[in-house]
K.L.:
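Please see the structure below; I have some questions.
Order of listing sets the numbers, starting from 1, for every ligand and every atom in it.
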Amino acid sequence: MIDRKIVVVATGGTIAMKYDAASGGLVPACTGEDLAAAVPGLSETAPLEFVQFSNIASPAMTPEIMWRLHLSIRQLLAREDVAGVIVTHGTDTLEETSFFLDLLHAGPKPVVTTAAMRGAGEVSPDGPMNILCAVRTAASDEARGLGVLVCMNETLHAPADVMKTHSANPDTFQSPWWGPVGYVDSDRIVIRRRPLRPAPLAPDSLTARVDIIKAMTGSGREYIDFAVAQGCRGIVIEGFGRGNIPAPMVPGIRDAVAAGVAVVITTRTPGGRVLDVYGYPGSVTDARAAGAAMGGEISAAKARLKLMLALSEKPGLARDRDALERLLDV
Ligand code: ASP
């Protein structure tokens, strides 16, 4: 048992839901305190404090709510009597909120995010074990200095690598190609690799809108023009394979970049970098010639959040493609 507190910040998600006959489905029903009360042995790990930040399903999460969550967590971590924070969340967008928080996280204190695939009232819910593992991780020396960790199914993942891979299976969270950071064993937290953690981003507020456009076979430039007309400061295009896209999108990229909008190309494959290895129309070489930046390995959803934070901090990045490519590489 450690002396300092672990704060349980509850945001909602299936972990806090129960079946509701009136709506015919799972709905938010439990507070963070209710969840903790259902976990035997939890209070023997650390003194706990509870913050009911929200009680929403995670498809309702927005970058603005993530920003407010970051501010709340930063305040909690600044307290001498707090050793770490856990965040309970829905699984649908867990990887996004975790990544967003990690990009902004400074200092050694752990933040551990967790969730559940089964509701609190279902047979064999996974929430109680996930909460216990998250609190044990946040209270451990092993997790110090690792930033935000995603704790699901007794496994610890780096937010940059992890993704929900199955819509229903409790073992849904995987880190394709890189693997987990470690795991929660019955006697201790086992860390097997340290995630690369570039210096945290530090905008004063979240001001830049960035949208994602998924390339389709047959895509044209219409959605790019629409995003620019909506006032986006950045556009993330999710391309195919190495990042290649249909050629009719490229003139839209050229005009968007000329208008001062950052255009970043990502790939829909779960692993591997975007790279300008082809020379055909619509290739990454062609999109780069029109001004697009290559988005490295991260998913479009994560590249979008990183770009929102980076452009909010330094709007001039939109005109510095080399800096954007360095930023998005890790
Ligand atoms: N739809 C739910 C949510 O993300 C799924 C879950 O939590 O597992 O809020």
K.L.:
Inspect the contact between D161 and R193 and indicate whether a charged nitrogen and a carboxylate oxygen are less than 4.0 angstrom apart.
P.N.:
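A salt bridge is present here (some side-chain N lies under 4.0 Å from a carboxylate O).
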K.L.:
Quick one: closest heavy-atom pair of I86 and A134, and the distance?
P.N.:
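For I86 versus A134, the nearest heavy atoms are CG2-O, 3.5 Å.
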K.L.:
Against heavy atoms of P59, which atoms of ligand 1 measure under 4.0 Å?
P.N.:
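Checking each atom against P59, I get 3 (C), 4 (O), 9 (O).
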K.L.:
Does any N or O atom in S58 lie less than 3.5 angstrom from one in ligand 1, N or O only?
P.N.:
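Yes: some nitrogen or oxygen of S58 is under 3.5 Å from one in ligand 1.
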K.L.:
Taking all heavy atoms of R188 and all of R136, pick out the closest pair and write down the distance.
P.N.:
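Between these two residues, the closest heavy atoms are N-NH2, 3.5 Å.
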K.L.:
Using a 4.0 Å cutoff against the non-hydrogen atoms of G90, which atoms of ligand 1 qualify?
P.N.:
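Near G90, meaning under 4.0 Å from one of its heavy atoms, ligand 1 has 3 (C), 4 (O), 7 (O), 9 (O).
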K.L.:
Does atom CE (M66) have a neighbourhood of more than 12 heavy atoms from anything else shown, all under 6.0 Å?
P.N.:
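Yes, because the 6.0 Å sphere around CE of M66 holds more than 12 heavy atoms from other groups.
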K.L.:
Which option wins on minimum heavy-atom distance to atom 7 (O) of ligand 1: D126, D92, T91?
P.N.:
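Comparing heavy atoms across D126, D92, T91, the nearest one to atom 7 (O) of ligand 1 lies in T91.
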K.L.:
Are K314 and D320 ion-paired here, with the side-chain N under 4.0 Å from a carboxylate O?
P.N.:
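No salt bridge links K314 with D320.
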K.L.:
Between K5 and D81, is there a salt bridge with N-O shorter than 4.0 Å?
P.N.:
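Here D81 pairs with K5 in a salt bridge, since their nearest N and O are under 4.0 Å apart.
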K.L.:
Looking only at protein heavy atoms, which one is nearest to atom 2 (C) of ligand 1, and how far off is it?
P.N.:
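Minimum-distance protein heavy atom for atom 2 (C) of ligand 1 reads T14 OG1, 3.3 Å.
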K.L.:
Looking at G13, which atoms of ligand 1 are within less than 4.0 Å of one of its heavy atoms?
P.N.:
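Near G13, the atoms of ligand 1 are 7 (O), 9 (O).
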K.L.:
Determine, using heavy atoms of A116 and all atoms of ligand 1, whether some pair is separated by less than 4.0 Å.
P.N.:
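The answer is yes: ligand 1 sits under 4.0 Å from a heavy atom of A116.
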K.L.:
Report, in ascending order of atom number, the atoms of ligand 1 lying under 4.0 Å from any heavy atom of A57.
P.N.:
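It comes down to these atoms of ligand 1: 9 (O).
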